[in-house]
Amino acid sequence: MRQAGVMLIIKDGLILSISRRNDKTKFGLPGGKLEPNELPVQAAIRETLEETGVTVKMCTEIFKREEITLDGEVFFTYCFYAFSWSGNPKDSEEGVVT
């Protein structure tokens with residue numbers, strides 16, 4: 001089973017998003033796959049910092065999505081909503097931040 005955590009951050013009605021590494025025209029929420037022994041919330045917080053420079057201080061899980069990949073593997077994506085964070089978003093090697 002594969003798992004990922006993503007973070008939803010909204011400020012002034014705008015959603016923090018980051019472009020895909022290989023396609024700067026496609027955007028999504030910051031986040032990524034879990035490292036060994038990492039919880040989904042930890043992955044979402046870590047990836048948000050790595051990808052955008054924003055430090056999430058407090059968040060809550062808002063939904064979990066279950067998918068079956070083309071090869072039949074179960075894939076869970078956990079989405080968290082950040083209600084406390086610090087820092088100014090900046091581009092990274094992962095992509096362009098909007």
Side-chain angles (χ1 to χ4, degrees):
M1 171 180 55
R2 297 184 329 192
Q3 300 181 80
V6 298
M7 190 66 65
L8 174 62
I9 298 176
I10 302 172
K11 182 178 179 186
D12 300 329
L14 300 174
I15 296 173
L16 179 66
S17 62
I18 185 161
S19 69
R20 299 295 174 217
R21 182 181 308 166
N22 298 324
D23 187 346
K24 303 296 187 216
T25 66
K26 293 185 179 179
F27 287 79
L29 298 176
K33 295 177 185 170
L34 278 63
E35 293 181 351
N37 301 313
E38 189 174 45
L39 297 173
V41 66
Q42 294 169 321
I45 291 169
R46 175 183 53 77
E47 290 280 356
T48 299
L49 178 60
E50 290 174 3
E51 294 177 359
T52 70
V54 173
T55 300
V56 173
K57 297 178 180 180
M58 297 178 75
C59 64
T60 188
E61 184 178 326
I62 55 176
F63 72 86
K64 176 174 83 173
R65 177 180 173 174
E66 179 181 347
E67 298 177 53
I68 306 295
T69 65
L70 293 176
D71 60 357
E73 187 174 6
V74 178
F75 189 97
F76 289 105
T77 301
Y78 298 82
C79 184
F80 298 88
Y81 173 71
F83 51 90
S84 178
W85 69 90
S86 64
N88 294 313
K90 62 181 188 254
D91 295 347
S92 70
E93 65 182 32
E94 296 299 320
V96 177
V97 175
T98 62

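Throughout, residue positions are numbered sequentially from 1 according to the sequence presented.
Applying the side-chain contact (heavy atoms from CB on, under 4.5 Å) test to Leu29 and every residue at least two apart in sequence or in another chain returns Val6, Leu8, Ile15, Cys79. For Glu47, the side-chain contact (heavy atoms from CB on, under 4.5 Å) criterion is met by Glu50, Glu51, not counting sequence neighbours. Every residue two or more places apart in sequence or in another chain that forms a side-chain contact (heavy atoms from CB on, under 4.5 Å) with Lys26 is listed here: Arg20, Asp23.
Taking hydrophobic clusters as Ile, Leu, Val, Met, Phe, Trp and Tyr residues chained together by side-chain heavy-atom distances below 4.5 Å, Met58 does not share a cluster with Val54.
You'll find the side chain of Thr52 stays beyond 4.5 Å of the side chain of Met7, heavy atoms only. Using a 4.5 Å heavy-atom cutoff, the side chains of Val41 and Glu61 are not in contact. Using a 4.5 Å cut-off on side-chain heavy atoms (C-beta onward), Ile68 and Val74 make contact. With a 4.5 Å cut-off on side-chain heavy atoms, Ile18 and Ser92 count as touching.
To the nearest 0.5 Å, atoms OG1 (Thr77) and NZ (Lys33) are separated by 10.0 Å. Distance CD/Gln42 to CZ/Phe80: 9.5 Å, rounded to 0.5 Å. Interatomic distance, CD of Glu67 versus CD of Glu73, reported as 11.0 Å (0.5 Å rounding). Atoms CD1 and CG, from Ile10 and Asp12 in turn, are 11.0 Å apart once rounded to the nearest 0.5 Å. Here the straight-line distance linking atom NZ of Lys11 with atom CH2 of Trp85 works out to 7.0 Å at 0.5 Å rounding. The SG atom of Cys59 lies 7.0 Å from the CZ atom of Phe83; values are rounded to the nearest 0.5 Å.
Between Ser19 and Phe27, the closest heavy-atom pair is N-CD2, 3.3 Å. Val97 and Leu16 make their closest contact through CG1-CD1, 3.4 Å (heavy atoms, listed as atom of the first residue, atom of the second, distance). Residues Gly95 and Lys24 approach most closely at CA-NZ, 3.8 Å, considering heavy atoms. Of all heavy-atom pairs spanning Leu34 and Gly5, the tightest one is CD1-N, 4.0 Å.
Atom CG of Asp71 has more than 12 heavy atoms from other residues, nucleotides or ligands within 6.0 Å. Counting heavy-atom neighbours within 6.0 Å of Arg65 CZ, excluding the residue itself, gives a total of 12 or less.
Residues Gln3 and Tyr78 bring a donor and an acceptor atom of their side chains to less than 3.5 Å of each other.
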